[in-house]
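Notes for the one structure printed next.
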Amino acid sequence: MAQPKAAGELDAVGLETALLEAWKQENAFQTSVDSRSHGAPFIFLEGPPTANGKPGIHHVVARAYKDLVCRWKTMEGFQVKRKGGWDTHGLPVEIEVQKRMDLMSNEAIEAFGMDNFNKACRESVWTYETAWREMTERMAYWVDLDNPYVTLENNYVESCWWAIKQMFDKGLLYRGHKVLPYCPQTGTSYSSHEVALGYKEVEEPSVYVKFKLIDEDASILAWTTTPWTLPGNVGLAVGPEVTYVRARITEQAENWVGAGGAEVGETIILAKDLMKEVLRHKVEIIEEFQGKTLVGRAYEPLFPDAVPRNGSETAWTVLEADWVTTTDGTGVVHTAVMYGEDDYNLGMAAGLPAYHTVGMDGAFLSGTHPDLDGRYVKECDQTVIDLLSAAGGSNGKGPDSGLLYREKAYLHDYPHCWRTGHPLLYYAMDSWFVRMTAVKERLLEFNDGVEWAPDWVGEGRFGEWLRNVKDWAISRERYWGTPLPVWRSESGGMKCIGSIEELRAEVAKAVAAGIENPPCPEDVDLHRPIVDAFTLVDDGGKPMQRETFVMDCWFDSGCAPFAQWHHPFDGGETFDSSSPVDYICEGVDQTRGWFYTLLAVSTTVFDKPAYKRCLSLGLILDAEGKKMSKSKGNIVDPWDHFNREGADATRWYMVTAGAPWNPLKFDPNGVRETYGKMFLTLWNIYKFHADYAALDGFDPEATTSEVNERSSLDRWILSRLATTAKSYHADFVSWNFHKACRDLEEFVVNDLSNWYVRRSRRRLWDDAESKDKLACQHTLHEVLTTVCRLMAPVSPFMVDVIHRNLTGETVHLAAWPLGTPGELEGATADDWDEVAAAATANLPPHDTRLENSMAIVRELAEVGRRIRIDAGRRQRLPCAQGWIVAGPDLGEFYDILAEELNVEAIEVEKDLDRFQRIELAPNFRALAPKARANVNAVANEIKSSTDPTALLASIEAGTCEIMGVSIEMSDVELRRIERDGFAASTVQIGQGDEAIQISLVLDMNDTPELLSKGLARDITRRIQAKRKTLDLEIEATIDLEIWLKDAPELFADDQQWIVTETRAAAAVFHPPSEAPSGPSESFEVDGTTVWFTVA
RNA sequence: GCGCGGGUAGCUUAGUCGGUUAGAGCACCCGGCUGAUAACCGGGAGGCCGCAGGUUCAAGUCCUGCCUCGCGCACCA
C-alpha cells in the first residue's frame, strides 16, 4: 500500500508551508495528542509570554525546546496536552499604553480615567497576538492556542483571588513597609527588573558629617552619598567587631578643597582602617576600641526639628549592625529610616522613629528646615552642604568648624527612572508581602526534588536565591493587574475575598448594613476600578475600602498551574491530577521570575512543589555575543530564516549549536550551514531511494528481505543506526539534545550519505530485479524511517514528508524507535517497567564487529588516497596490487576496498616485517608508578631506542631493565609503521589497549593493461561530465567519437567499458594518427591528449 | 562588591579519570573525487588552551590569585 513516489527537487520553504496546510486540514496536532489518549499523562506547562511585543528568535528557541520534549514524549506514548497561555497584566502593558497615549504619570492616567486606561490595556494585549500565533504555527510549535489560559480573564483572576485568600487565611499575607526605588515624577515604585533598565553612572557630592556626641567633646564621622537623607537621620550604625579610633586633630590641613573642615584639637571617631583615606588633617590617635563600646551613645540631631522623637529611646544614638564594613565611608553608617532598606530594617528592629522628611512628590515636607521645606530633594544637595558646613551646623550648636568635615565627588551607578530619566529615590512605602521566610525550609525541600537541567541552576543560582529568600513584596501601586482582594477599614479590620460569590455576599451584607454599593453581578469584572467601588463592612460593621494595589504580575503567572483550569471552581480534579507538572522550560532569566513564583505560590497555597523537571535555557545573543534587545536593534527576525532555510533548519541549528543551557550566539550563517549539510543531504538520500523505489515499484510491505541475508554493507548501516539511535535517546534523557543531534547529523551525513549511499548507488542502477537491490531498498527504507522518527521532535517538517511518502503515515503518529513506555500498563511520567519498555523498541540488530571492521575499511580507503597523492599517482590509474598489513580479517570488504583503492587485487601480507617496522612508546599510566621521578628518563630511553625490535624482544623475554625499572609489555605501546621506501601508510584504529596499527601498501608498477584501464576511466569521467553539462536524461544514449595522442594502448575491453558506462549507442575510436577535424572537447592526462565529441 | 557560568585557530566549538602529537566544522589556499549535493576526500596554513603562580614524573584538565565577558544579586552607607 505504501509505494513511495518519486521525490522532486528540494524547496524547503514550499515543503513546510504546504505541510502546515495539510496538518491544519488533518488537525494533526490534536490527533497526535488524542491518539495517545490511553497513554500515561506527561504534564507540560506553558510559561505564558507577554504578547505586547513582536516575537524574536529568542522566543523561537524557547518554544523549540518546549516542543521538542513534548513531541518526544508523545512519540513515547505519553499523552502530552499542551494548553497555550498569555500573560496579559502588569507594567509592561501599562507602559506600552502610556507611551502610545502619552500618559506618562499617574496623574495623567487618573485624569484620563482608570476605566479608559485599563480598557486600552486590555485591547493592547492583543496587538501582537497575530504575530505570535503566526510565528508559533510557522515554527510548528504544537500548542493549543485556541483554548489558552489568559491571565486577564475573570476565571483566571478569580483563581488568583482564591489563592491569595489561602495565603491570607494561613497568615502568610501581611501589610508592611518596604523601601523601594521610587520615581516621584511618575509616582511609581519599580521592581528590580525595571530598576536594572535605568542604571546610570553619575557623579554626585558625597559628604563626611560630624555627629557631635552629647556626653563627650567628640564627633562621630559618617559618610553619605545622598545628602538629602541627612535631615531624616535618626541613628548611626557601627560594626560591633570593627576597630575604631579616637583621633585628635593636631595640625590644620593644607590645600583644603571644598566645604567643611575641622579645628585643631577637635576629636573625631571613625574606623581605624579608613582613617588614612578619610582624614585630611594630621591627627594623633588617642584610643583604639571596638564598635560595640560605642553602642548606646547619644548624639545631637543634625536637624533637630525634622523628625519627632515620639518616645523613642534609641533615636539619635549609636546602634550596632553586623553588615557595617570598612570597605568605604568611615565605618559608621548614617541611618535615615525611611530611605534605605538596611536603614529601615535596622530602624524597625531598634525602635527608631519612622517618619518621612520627604513627601511622595519628592519634596521635603514642611517642618524639615526653613531652607529646605517644599523643595525637590535632589536639588537640595548644596543647601544641605551649606547648612552643615556653616559654623555650628544647621542648628548653630555644633563645633565652630561646622558639622561638615569634607565633601567629595563620588562616581557611582545609580538607578534612574527608565521612563523619565530622573534619579529614583529609595523610599519606604506601604506594601503587601507574602511571608516567604516562613516557608523557606519547604521551598528548599521542594527544590531538592526538582530535576534541573543544568543541575547547577537548581543547586547553585536558584538554591542560593531560596536560601536567602525574603518576603515577597507582592503589591504594586498600579492600575492594570489582578486587584489585591483585601478590604480594610480605618480601624484596621480586614477581609480577604476569595471568589466572586464571596464578593457578592459581602457586598450584599454591606448593603444590608446600609452602605451604598454599585450592583455586583455574577459576571462582575474583577479589575480596577470596578472592584474599587465596592465598600464592604468589617466584623464590627465599619466600612472597608479595597486596598488599592494590584498584584505583581509574576504572581499571576505563578498561579498558572491551577488558575489555567479555574481551580478550584471547576471542581478541582483537573489540577489535582496534573500537579505537580512534569516539565517546564524557559530562559534562565526566569530563575528569579517564573521558576520562583511557581514554586512560591505552590508552596504557600498547596504546600507542594509546582514542577518536577525544569529546563533552564541560556540567553540568546547575537552573532557578536551581545544580548538581543529591542533597544540595541539586534533582534533577529525568525521569518528571515523561516522564509529562507525553513523552520526545520532553524530549529535543528538552535539545538545543535550548543548545550541548551549555554548562551547561544545566533549566527545566521549557521542556519544556512545546517540547511546545506543536514537537510539537503537528507533530502538527497531520500530522493535517491524514493526515485528508484518509485521506478521499481518497491513496496516495503509487499516484499521482505531477511536482515541476516543482506550484504555486510546493509548490516553495517543498520547496526550503525541502532548504535546511533541508542546514544541519541540516552542523550535526550540526560538533556544533552545538542550531543544527540550532532551525532545523528554525523550519522546521516557521514555514514549514510557518504558511505552507504555512495557505495550502494550501483546496486539500484541495475534494471533487473535482484535480491541485493531489494535488500538495499529495504535497508534504506528502514534507516530513513527511523532517522525521521528520531528527528521528528526536533525538526518536524521534512521528516514528515519523507515518512509519509515511505510509509503512508505521518511521523507524528509513529512510535519512538526506542520504545513507547507511555503506553505501558501502570506507567507514569516518572516510572515504568524498563524491560517491558525495551520490548517495544524497534531497532535493527547490533553488530559491533561489523562496525569496527567498516571503520577500518573506510580508514584504509582514505589512506589509499593519501598514498597516491604522496606518490604522485592519479586516482583513476589502477594499481595492480594492494597489501594490507596486520589488522582483522576484512575479506568480506575486499570488493569495496578494491574499488575504493582502485586496485586490481587485495592481499593480506602476513609477514608484518616485510613492509612494517616497529616503534615503542611508553605507556605513562603503567610506567609512572614504577619509575616515579625517573619516568621521563625511562620514557626517553624507550622512545629513542635505536633497535626497537631488539628492545621488544627483551621486554617479551622479561629481561628488560632500564634505570633499575623492569619493563613489561604493559608498560609500552607497540606501534607499527610502514618501512621507508614503499608507497605505504600506516593508520591507527581505536585507542588504548585495543588500538591496532594497519599498514596499506600499494604496488606502483604500471602495465599496459593498467594504463589502458586508467585511460578508459579518465575518458569516461570526462564524457559523463559532458553528459551532465548537456543536461541529458540518465537513460539517454549518445554518439561518441574519440581521438588519442601519445596514448598507451586502449584495449578493446576498455573501449567497450567506456561505451557501456557512457551509454554510447555508437562509438568511434580513431587510430592514433588521426586528429579531429571539427570542433571537439579535449583534455590531457599524464602526457596523453584526448579529444572527444558527444552527440 | 558577592554568587553562577564562560574565555581553546579569523569565526563557531569538542576535549572523558590529569597521560604521549589539543580534535572538528565554517572561511581561506592547493590537490583530488563526483551520473553525487550547496555534498565529499587528501593536504596546507592558522593554537602562549585569558594571564601569573602552585601541586605533579606529567596540567587545556586540579588548586590559588588576577584579567576579561555574560548573567543573577546587591549597588549599599
Side-chain angles (χ1 to χ4, degrees), chain A residues 10 192 195-196 199 206 222-226 229 236-237 321 323-325 327-336 339-343 412-415 426 454 456-457 459-462 464-465 468 587-589 591-592 618-619 621 623 625-627 657-658 661-663 665 667 669-670 672-673 675-677 680-681 683-685 687-688 739 742 746 749-750 753-755 757-758 761 765 861-870 874-876 900 921-929 931-939 943 973 1020-1021 1023-1025 1027-1028 1032-1034 1061-1063:
Chain A
L10 178 59
S192 56
V195 173
Y199 274 101
S206 72
W223 181 61
T224 180
T225 57
T226 50
T229 62
L236 292 174
W323 42 263
V324 174
T325 61
T327 49
D328 49 16
T330 65
V332 181
V333 177
H334 138 69
T335 300
Y339 310 110
E341 193 177 347
D342 284 337
D343 306 43
H412 65 154
D413 283 334
Y414 193 84
Y426 283 88
W456 53 260
V457 168
E459 289 156 17
R461 183 179 286 197
F462 196 55
E464 194 59 32
W465 167 259
N468 298 317
V588 68
D589 51 328
T591 308
R592 263 85 167 183
L619 279 167
L621 312 171
K626 295 205 186 77
K627 189 175 176 174
W661 42 84
N662 281 341
K665 282 191 196 177
D667 181 7
N669 288 330
R672 188 101 191 130
E673 215 175 285
Y675 171 75
K677 199 170 173 183
L680 203 52
T681 304
W683 184 259
N684 281 307
I685 295 165
K687 184 168 147 51
F688 172 72
K739 279 191 186 159
R742 284 171 179 177
E746 185 67 18
V749 172
N750 201 22
S753 176
N754 286 332
W755 194 251
V757 170
R758 184 160 73 83
R761 224 160 254 286
W765 288 352
E862 285 179 16
V863 164
R865 281 179 218 126
R866 203 182 307 147
I867 294 171
R868 282 171 177 274
I869 286 166
D870 290 346
R874 68 184 209 272
Q875 221 61 246
R876 275 182 291 262
E900 288 289 325
N923 177 4
F924 282 88
R925 273 191 185 155
L927 212 50
R932 298 178 157 267
N934 287 332
V935 65
N936 281 325
V938 175
K943 257 192 279 191
E973 279 180 33
T1020 304
R1021 145 94 184 101
I1023 296 165
Q1024 303 289 37
R1027 283 184 62 114
K1028 201 177 175 187
L1032 294 180
E1033 293 294 318
I1034 290 177
E1061 284 291 308
T1062 61
R1063 286 183 176 261

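Chain letters run A, B, ... following the sequence lines, proteins first, then strands; residues in each count from 1. Basis for what follows: all heavy atoms, side chains included, without hydrogens, waters or symmetry-related copies. Worth saying up front: this structure is predicted, and the values here are computed from it rather than measured.
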At their closest point, which heavy atom of A:Tyr339 faces which heavy atom of A:Thr229, and how far apart are they? CB-CG2, 3.9 Å

Over all strands shown, is [X] touching base, sugar-phosphate only, or nothing at heavy-atom distances under 4.0 angstrom?
X: A:Glu862; value: sugar-phosphate
X: A:Arg742; value: sugar-phosphate
X: A:Thr225; value: sugar-phosphate
X: A:Pro922; value: base
X: A:Arg672; value: base

Return the nearest nucleotide to the side chain of [X]; candidates are [options].
X: A:Val333; options: B:C76, B:A77, B:C40; answer: B:A77
X: A:His334; options: B:A77, B:C76, B:G32; answer: B:A77
X: A:Glu464; options: B:C41, B:G3, B:C73; answer: B:G3
X: A:Arg876; options: B:U34, B:C40, B:A38; answer: B:U34
X: A:Ser753; options: B:C76, B:U37, B:C73; answer: B:U37
X: A:Asn750; options: B:A39, B:C76, B:C41; answer: B:C41
X: A:Glu341; options: B:C76, B:C75, B:C73; answer: B:C75

Using the [atom1] atoms only, state how far [M] lies from [N], rounded to an integer number of Å.
N: B:A77; M: B:G6; atom1: C1'; value: 33 Å
N: B:U8; M: B:U55; atom1: C1'; value: 23 Å
N: B:U56; M: B:C11; atom1: C1'; value: 36 Å
N: B:A14; M: B:A9; atom1: C1'; value: 13 Å
N: B:C33; M: B:G43; atom1: C1'; value: 14 Å
N: B:G7; M: B:C40; atom1: C1'; value: 34 Å
N: B:G70; M: B:C76; atom1: C1'; value: 24 Å
N: B:A45; M: B:A38; atom1: P; value: 29 Å

A:Gln1024 (side chain) donor-acceptor with A:Glu1061 (main chain) under 3.5 angstrom: yes

Give a yes or no answer on whether the side chain of A:Thr226 reaches the backbone of A:Thr224 with a donor-acceptor pair at less than 3.5 Å. no

Are any of A:Arg1021's side-chain N or O atoms less than 4.0 Å away from OP1 or OP2 of B:C33? no

Symbol by symbol from the 5' end, with Watson-Crick or G-U pairs under 3.5 Å, [ ] crossing and | another strand, RNA chain B is (((((((..((((.....[...)))).(((((.......))))).....(((((..]....))))))))))))....

Pick out the pairs of N or O atoms, protein on one side and nucleotides 43-47 of chain B on the other, that lie under 3.5 Å.
unit_1: B:G43; atom_1: OP1; unit_2: A:Arg866; atom_2: NE; d: 3.3

Between A:Thr1020 and A:Asn662, which residue's closest nucleotide on RNA chain B lies nearer the 5′ terminus? A:Asn662

By nearest-heavy-atom nucleotide on RNA chain B, the more 5' of A:Thr226 and A:Ala657 is A:Ala657

Heavy-atom side-chain contact between A:Trp755 and A:Asn750 under 4.5 Å: no

